[in-house]
Amino acid sequence: MSTAIFKDKLQPLTNIGIWLPIILVEICIAAVGSLLPIKEMLIILISTPLVCYLLAKPLHAYILTILLLPLWELTLGGVGNVGGQIDIRYTQIVAAIAILSWFFNGLITKKLSFEKNILYFPIALFVGWIMLSLVWSLSFYMGFRDLLLTFNGVIIFFLTINTVKDEETLNIVLKAWVVTGLLCALIGMVELITTTIPNVKQLTTGTIEHWGPSVRLSGFRENPHRFGFLLNACLMIALTQLITSKSKKYTIFLVLCIFNILVVLTNIMSRSTWVGCIAGIICCSFYSKRLAKACLISGLVVIVLFLALAPDALQHAVIERFKGIMNPMETRSIIGRSSVWDAGIKMFMDNPLIGVGIGSFPLLSDAYGSVFLDAAHNVYIHLLSSFGLIGFTIFLFLFFTIAASIAKGFKYISNEGHKLVLLGISLGLAIFFIQGIVVIFKFIELEFWALLGLIMAALNVYMPQDEKMHVGSSSTYKSPPG
């Protein structure tokens, strides 16, 4: 893939105005770094040139944020959550740099603009109610942590809309999502070879371990569901890119990406991920015969290779997991999750109007007969239990505004290639709501907000000018000169 596609269209780096905020940031970094241990200080020193570059290149900073989504678990303190701390993740740091870069460059070039969008109001209501629920939350710390993560996602949404303003930039970002899918697949391949295949041979027949020596691909995360959602979203985008691609080299690259993603998805052993993937592929197939053909061929190749090359123990484990889709009520997962769902529903019944507040579910789970979990293992029960009928109603307002905007896009966009692009992104987002039926999602996931922003950006780019007022607007607030 040519590096020319990542060429930024900003002013030359020699512009002294660019370097003034960068110098200030370096001074702040040095001041903070002087108080840190050697390890953290070395990280800061090594990364300073990259930070300076990203501050001068907003689009590159945004793309790097997308590429780091598979590495969400990496924090300044190591990997995963650190008890009693608000973890700072590298993805969050790059996202913060991206928003600063966009803001500073807009001010310096006197081109700072804010794209209007129909989702701003429902998102403001949704986040506002979440923030208000801190008042009655049982733990300010846990609620504030989730609130910060939600804010982080909303920033990514805002940054996407205000970064992706033309078709050229949209195509670059779509390619970045495909590369992200390939990175996910490569991480999954490493885990498959180093962890899954050795451990699956030690399993008792007919069982799948969730913790300990895991056999489920999760991108080295605690669980595979969020990893599977990101893979599914990248797959939907890659499939539609395959049909619209006019470059032979890019087509070959897409085929390799799709193949690797399907291999990892086959071995991920997350039933919700499989259901989301199958639902997305079926929708793609109904929309386009070429997509149906590409999906069928890719799926058959992966299945044949899996049956030919995968160890018998791994085949047995995957088949056992897949049987659970056919008979979900007989699986241990449903039996375990039913107690969590019951606890969430009881919390809602006890606090029907406003819920128990953000971050309160894990503190109340034991009292309501559930195991300790961050949320109710169902995104809709989570909304009801944490934010009550008021919060759930605001969510429905947001959901139907999104759906209406996408429907208008398909109605008014005349170019079939553009419709396919919109279809791929929309299906990636739809899988979030499908998997959310049985998975712990809390709307703090950056992938959700990035995809939502990408949908609205695509609508703004592809919609006829006279119809843009329904989904967004090209009219902007610009910073005054001088």
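What you see is a predicted model, and the numbers here were worked out from it, not measured in a lab.
In this structure, the separation between CG on Leu262 and CG on Asn267 is 11.0 Å, given to the nearest 0.5 Å. Atom-to-atom distance recorded for Ser426:OG and Ile402:CD1 is 10.0 Å, nearest 0.5 angstrom. Here Ile237 contributes atom CD1 and Leu254 contributes atom CG; the two are 11.5 Å apart, rounded to the nearest 0.5 Å. Taking CG of Leu454 as the reference point, atom CG of Leu174 lies at 5.5 Å (rounded to 0.5 Å). A distance of 9.0 Å separates CG in Leu422 from CG in Leu427, rounded to the nearest 0.5 Å. Taking CD1 from Ile406 and NZ from Lys411, the interatomic distance works out to 16.0 Å, rounded to the nearest 0.5 Å.
A donor-acceptor contact shorter than 3.5 Å links the side chain of Asn162 to the backbone of Glu115. No donor-acceptor distance shorter than 3.5 angstrom exists from the side chain of Thr160 to the backbone of Gly453, with no hydrogens or angles considered. Under a 3.5 Å cut-off, the side chain of Thr91 and the backbone N or O of Leu69 do not form any donor-acceptor pair. A donor-acceptor pair under 3.5 Å is formed between the side chain of Thr244 and the backbone N or O of Gln241. Put simply, the side chain of Asn171 gets close to the backbone of Glu167: a donor and an acceptor are under 3.5 Å apart. With hydrogens and angles ignored, the 3.5 Å screen pairs no side-chain donor or acceptor of Asn152 with any backbone N or O of Leu148. When atom types are taken as modelled, the side chain of Ser133 and the backbone of Ile130 share a donor-acceptor pair closer than 3.5 angstrom. Of the possible polar contacts, one joining the Ser405 side chain to the Thr401 backbone as a donor-acceptor pair under 3.5 Å is found.
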Test log, rule side-chain contact (heavy atoms from CB on, under 4.5 Å), inputs Ile123 and Phe158: CA-CA 11 Å; Ile123 287 176; Phe158 175 83; over 6 Å; no
I'd like to know whether Trp102 forms a ring pair (Phe, Tyr, Trp, His ring centres under 6.0 Å) with Phe114, so could you lay out the CA-CA distance, the side-chain angles of the two residues, the decisive distance to 0.1 Å, and finally the verdict. CA-CA 11 Å; Trp102 168 80; Phe114 302 88; 5.6 Å; yes
CA sep, side-chain torsions, deciding dist, call: Leu119, Phe157, side-chain contact (heavy atoms from CB on, under 4.5 Å): CA-CA 10 Å; Leu119 291 187; Phe157 169 81; 4.0 Å; yes
Verify side-chain contact (heavy atoms from CB on, under 4.5 Å) between Trp129 and Phe395, making sure each step is shown before the conclusion. CA-CA 10 Å; Trp129 183 253; Phe395 159 73; over 6 Å; no
As a quick check of understanding, evaluate side-chain contact (heavy atoms from CB on, under 4.5 Å) for Thr150 and Met131, giving each step before the final call. CA-CA 10 Å; Thr150 305; Met131 188 188 308; over 6 Å; no
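Taking the side chain as every heavy atom from C-beta outward, Asn415 and Lys419 never approach each other to under 4.5 Å. Contact annotation: the side chain of Tyr120 approaches that of Ile161 to within less than 4.5 Å [non-hydrogen atoms, C-beta and beyond]. Side-chain contact between Ile425 and Trp177 is absent, with no heavy atoms from C-beta onward closer than 4.5 Å. Side-chain contact between Leu235 and Cys277: present, with at least one pair of heavy atoms (C-beta onward) separated by less than 4.5 Å. Counting only heavy atoms from C-beta outward, the side chains of Leu71 and Ile187 approach each other to under 4.5 Å. Counting heavy atoms from C-beta on, the side chains of Leu451 and Phe229 come closer than 4.5 Å. Within the 4.5 Å cutoff, the side chain of Met142 has no heavy atoms near those of the Phe361 side chain. Using a 4.5 Å heavy-atom threshold, the side chains of Cys257 and Val178 count as touching.
The two atoms that bring Thr169 and Thr163 nearest to each other are CG2-O, 3.7 Å, heavy atoms only. Residue Pro58 comes nearest to Asn105 through the heavy atom pair CG-ND2, 3.6 Å, listed as atom of the first residue, atom of the second, then distance. The heavy-atom pair separating Gly228 from Ile268 by the smallest distance is CA-CD1, 3.5 Å. Residues Leu149 and Gln92 approach most closely at CD2-NE2, 3.2 Å, considering heavy atoms. Taking each heavy atom of Ile156 and Ala95 in turn, the nearest pair found is CD1-CB, 3.6 Å.
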Without placing hydrogens or testing angles, list every side-chain donor-acceptor pair under 3.5 Å for residues 429-443, not counting sequence neighbours.
residue	atom	partner	partner atom	Å
Gln435	NE2	His225	O	3.3
Gln435	NE2	Ser272	OG	3.4
Gln435	NE2	Thr273	OG1	3.3
Lys442	NZ	Asp146	OD1	3.4
Lys442	NZ	Asp146	OD2	3.0

Result block: side-chain N/O donor-acceptor pairs under 3.5 angstrom for residues 297-307, not counting sequence neighbours:
residue	atom	partner	partner atom	Å
Ser298	OG	Ala294	O	2.8

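Under a cutoff of 6.0 Å and an axis angle of 45°, Lys175 and Tyr250 form a cation-pi pair.
Scored by the side chain to side chain contact (heavy atoms under 4.5 Å, CB included) test, Phe400 finds Leu396 as partners (sequence neighbours excluded). Shown here are the side chain to side chain contact (heavy atoms under 4.5 Å, CB included) partners of Leu384, two or more places apart in sequence or in another chain: Phe348, Leu389, Phe392. A search for ring pair (Phe, Tyr, Trp, His ring centres under 6.0 Å) contacts involving His382 returns Phe387, not counting sequence neighbours. By the ring pair (Phe, Tyr, Trp, His ring centres under 6.0 Å) test, Trp274 is found to be paired with Phe322, residues two or more places apart in sequence or in another chain being considered.
One finds no salt bridge joining Arg226 and Glu445 here, because no Lys/Arg side-chain nitrogen approaches an Asp/Glu carboxylate oxygen to under 4.0 Å.
The aromatic rings of Phe121 and Phe397 sit perpendicular, their planes meeting at an angle over 60°, well past the 30° parallel limit.
With Ile358 as reference, Leu134 is the one residue of Ile444, Leu132, Leu134 to meet the side-chain contact (heavy atoms from CB on, under 4.5 Å) rule.
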